[in-house]
Amino acid sequence: MTQFPNLTAPITLGKVTLRNRVCLTGHGTGMPTDGTPNDRMIAYYEERAKGEVGLIMLGSQQVHPSSPGITGLLCNYDDGIIPGLRELARRVQAHGTKVFGYLSHMGFATSARPVALWSASADYEEKYGEVAHEMTVAEIATVVTAHADAAERCLRAGLDGIEVHCGHGLLVQQFLSPLSNHRTDDYGGDLWNRSRFAREILAAVRQRIGADVPLGVRVSGDELVPGGLTAADMAEVVPWLVEAGALDFVDVSAGTDGNLVSNMLHEPPMGLPPGPFRSLARQIKDRVDIPIIHGTRIHTAEFAEEMLAQGDADMAGMARALIADPHLPAKARAGQPERITPCIACEQACFGRLYRGRHISCIGTPLTGREVERVTAVQTRRGPVVVVGAGPGGMEAALQAAMRGHEVILIEAADRLGGRLDLAKRPTGRSEWARLIAFKTAELERLGVDIRLNCRADAAGIAALAPSAVVLATGARTRPLELPGAAADNVLSLDEAVRRWSEGSDKIGQRVLILDGMHRAPAMVTALSLAGAGHEVTLASAALHVGQHLEIQNLTYLNREVLAAGVRLAPMLKPLRMTEGLVEMENIFTRTVTERIAADTIIAALPGLPDTRLATDLEHLPCPVTVIGDAYAPRDAEAAILDGWTAGRAL
């Protein structure tokens, strides 16, 4: 008997039968460069089809030029998209997976400066700072027809079905929501009128595609904004939509991208619980008699199975979990859930890359987004591959080398694997890093890597192993804080502060000043942890705002958490000196001392300095020596793992 009887069971949407109940929900990939599917995008989806995903919902296709295809979106404006969609469909369907088109219009949930954006009313959208053009009735009709035209092109390309996006603060939800629809005509006012646009789109699409093609809708079961659409509203609206389009399924999530907190809640980062909106899916499921897909951080096969068994939904919608491991369904079917690469909701390489204008990837699975890249042939080697340092980069290098058939020796000075990830997992809300360490450790052991803990490598010892190649992942040294007047015993590095806090040390003073020189999560989660332990914490940063380099979901979440914990945020300040227990802080713009902050303990959250000592000692070795991760240039875990992945695959 299978361990996942519900997840692996087939299901029929309309007249299309899916092999299991795993749906890769629609999400941006950042891969298209001209609005059409390219080789990178097709390879990305094909890999998930190989992994036995039942249904792939393509990334959002913009249906009209008034919705610009920024950040690598698909643009279904004309027949130019058909060849790419046809090739994508052929490649995905060859592996037994069905693929649906996912149609949308951004409205003013984007930016096209200086071109005006269309929406229900002339409102202001806070995320992008745009004031919309209120659509005329003729423009509404144009967009309705554009949805039908786009759906027809999807079918001409050979796709299996259609989903229309009516949620997440995009144009259709802008009409539905009382927060953004202030019209006084037939498309505004009460909930029935505000749903008219959605109903007209669905009716037009159904008429165009016919009765036999599966048609569904994605909705936000709650807008998650005070004064916005509620769960009760959507429980009333969805049956109207089902009737208007003779729908075959409803895809339920939550939230709006137009509000920072709502956006964060429906794309929950590490620190928030999985599956927070199952009850919304259940409310809608109780109102309609067609299958319900639900996806908001359905992060493991076990969690998905339990949700389906409880009857909260009929299909498990997954995005990040399948970004992390495209073969999750196949491994679940085979009874190997422990082999599934975990999504830990760090959001560094999926959302983080997307917001930098790059294609998505995964911190734990660098292959994601790089499926199209060729692998070099395995080189014949007469000795072991020696990897020094078992942090994230070293573990990945050893793993990839072992997967390619090499004998691998992994040397680590500490008594455990993980390197700085062992510290990263300790602060409040960061325990999911432990899942990634545990998974990589288990894979190293499964592949027979010779792991040597409590072993400090030196040039002589490495040479004695007669290696065929050496990878140095020796990390970074602590960068000293240069603060005149500060006593050495009052200053801690971030790593030492986390270690002391996590081990219950009483050697951190009551008044703590954290000087953040990286502007990412480590300083913020340390501040949160210390505030939770009763310390008075000030978090100072020379950036325009604390956490400036974080992706928007983590930035929103961590700001909310540290403020709620009583942490004082002090942006745009850098330290000058310490005098009589007070740290003088200079404003980066006025270049004048604007604050003097009392501190019993100063924590310096500074970027490290590359540790190159061993690399220099190994210059004489008659084999390749590759330096990766922080030992090459101190960055973050994504960079270290990608370095290790690249180095290991090159051996």
Side-chain angles (χ1 to χ4, degrees), residues 10-26 36-37 45 48-49 53-64 74-105 143-167 172 197-219 238-252 288-293 295 314-315 317:
I11 187 172
T12 299
L13 303 184
K15 295 187 177 181
V16 171
T17 298
L18 311 175
R19 62 180 164 192
N20 59 43
R21 302 190 179 216
V22 179
C23 173
L24 177 64
T25 49
T36 66
Y45 285 118
R48 277 127 195 96
V53 171
L55 173 62
I56 287 176
M57 209 73 70
L58 290 185
S60 169
Q61 299 176 36
Q62 307 311 295
V63 300
H64 190 264
L74 292 170
C75 297
N76 193 334
Y77 305 157
D78 54 43
D79 288 357
I81 196 172
I82 292 177
L85 286 180
R86 182 178 291 122
E87 177 63 12
L88 189 154
R90 183 188 69 80
R91 298 257 295 270
V92 165
Q93 292 162 349
H95 301 285
T97 294
K98 304 300 183 183
V99 56
F100 287 8
Y102 183 42
L103 309 181
S104 73
H105 190 296
V143 173
V144 169
T145 301
H147 277 83
D149 292 343
E152 181 180 345
R153 283 189 284 268
C154 286
L155 299 189
R156 287 166 57 196
L159 272 61
D160 299 292
I162 301 294
E163 179 172 274
V164 175
H165 200 335
C166 298
V172 177
F197 182 44
R199 290 184 283 114
E200 289 181 351
I201 289 172
L202 294 171
V205 171
R206 173 56 79 192
Q207 183 177 24
R208 186 71 65 87
I209 66 177
D212 293 340
V213 176
L215 174 61
V217 63
R218 190 173 210 185
V219 297
V238 170
W240 299 341
L241 304 184
V242 171
E243 182 180 7
L247 300 184
D248 299 297
F249 65 94
V250 179
D251 182 352
V252 181
V288 298
D289 59 358
I290 56 177
I292 297 296
I293 303 170
D314 301 291
M315 290 191 71

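In this text, all values refer to a predicted model and were calculated from it rather than measured experimentally. Computation of the quantities below employed the complete heavy-atom set of this structure, encompassing side-chain atoms and omitting hydrogens, waters and symmetry-equivalent molecules.
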### Query
Where is the tightest heavy-atom contact between Thr36 and Gly80, given as atom of each residue plus distance?
CG2-O, 3.7 Å
#### Entry: Side-chain donor-acceptor contact under 3.5 Å, Gln62 with Ser104
yes
### Query
Any donor and acceptor pair, going by atom type alone, linking the side chain of Arg218 with main-chain N or O of Glu163 inside 3.5 Å?
no
### Query
What distance separates Leu103 CG from Asp149 CG, expressed to the nearest 0.5 Å?
10.5 Å
### Summary
What one should report as the nearest heavy-atom pair of Asp314 and Pro291 is OD2-CA, 3.3 Å
### Query
Would a line drawn from the ring center of Tyr77 to the ring center of His64 be shorter than 6.0 Å?
no
### Message
Tell me whether Thr97 contacts the main-chain N or O of Val53 through its side chain, where contact means a donor paired with an acceptor under 3.5 Å.
### Response
yes
### Task
Kindly indicate whether the side chain of Leu55, heavy atoms from C-beta on, has any atom under 4.5 Å from the side chain of Val22.
no
### Query
Less than 4.5 Å apart, any side-chain heavy atom of Cys154 and any of Ile162?
yes
### Task
Under the side-chain contact (heavy atoms from CB on, under 4.5 Å) rule, what do Met315 and Ile292 come out as? Steps first, then yes or no, please.
CA-CA 6 Å; Met315 290 191 71; Ile292 297 296; over 6 Å; no
### Message
Evaluate Asp78 against Arg153 for salt bridge (charged side-chain N to carboxylate O under 4.0 Å, His left out), listing each step before the verdict.
### Response
CA-CA 8 Å; Asp78 54 43; Arg153 283 189 284 268; over 6 Å; no
### Message
Show me the pairs that pass side chain to side chain donor-acceptor pair (under 3.5 Å) and involve residues 240-250, at least two apart or across chains.
### Response
Arg206-Asp248
### Query
Between Val63 and Ala150, which heavy-atom pair has the shortest distance, and what is it?
CG1-CB, 3.8 Å
### Task
Check whether any side-chain heavy atom of Val219 lies under 4.5 Å from a side-chain heavy atom of Asp251, and answer yes or no.
no
### Message
Can you confirm whether Phe100 sits close enough to Leu159 that some side-chain heavy atom of one is under 4.5 Å from a side-chain heavy atom of the other?
### Response
no
#### Entry: Smallest separation among heavy atoms of Lys98 and Thr17, with atom names
CE-O, 3.7 Å
### Query
Excluding sequence neighbours, so at least two apart, what forms side-chain hydrogen bond (donor to acceptor under 3.5 Å, both in side chains) with His105?
Ser66
### Task
Can you see which heavy atom on Ala204 is nearest to which on Ala148, and at what distance?
O-CB, 3.8 Å
### Query
Roughly how far apart are Ser60 OG and Leu74 CG, rounded to 0.5 Å?
8.0 Å
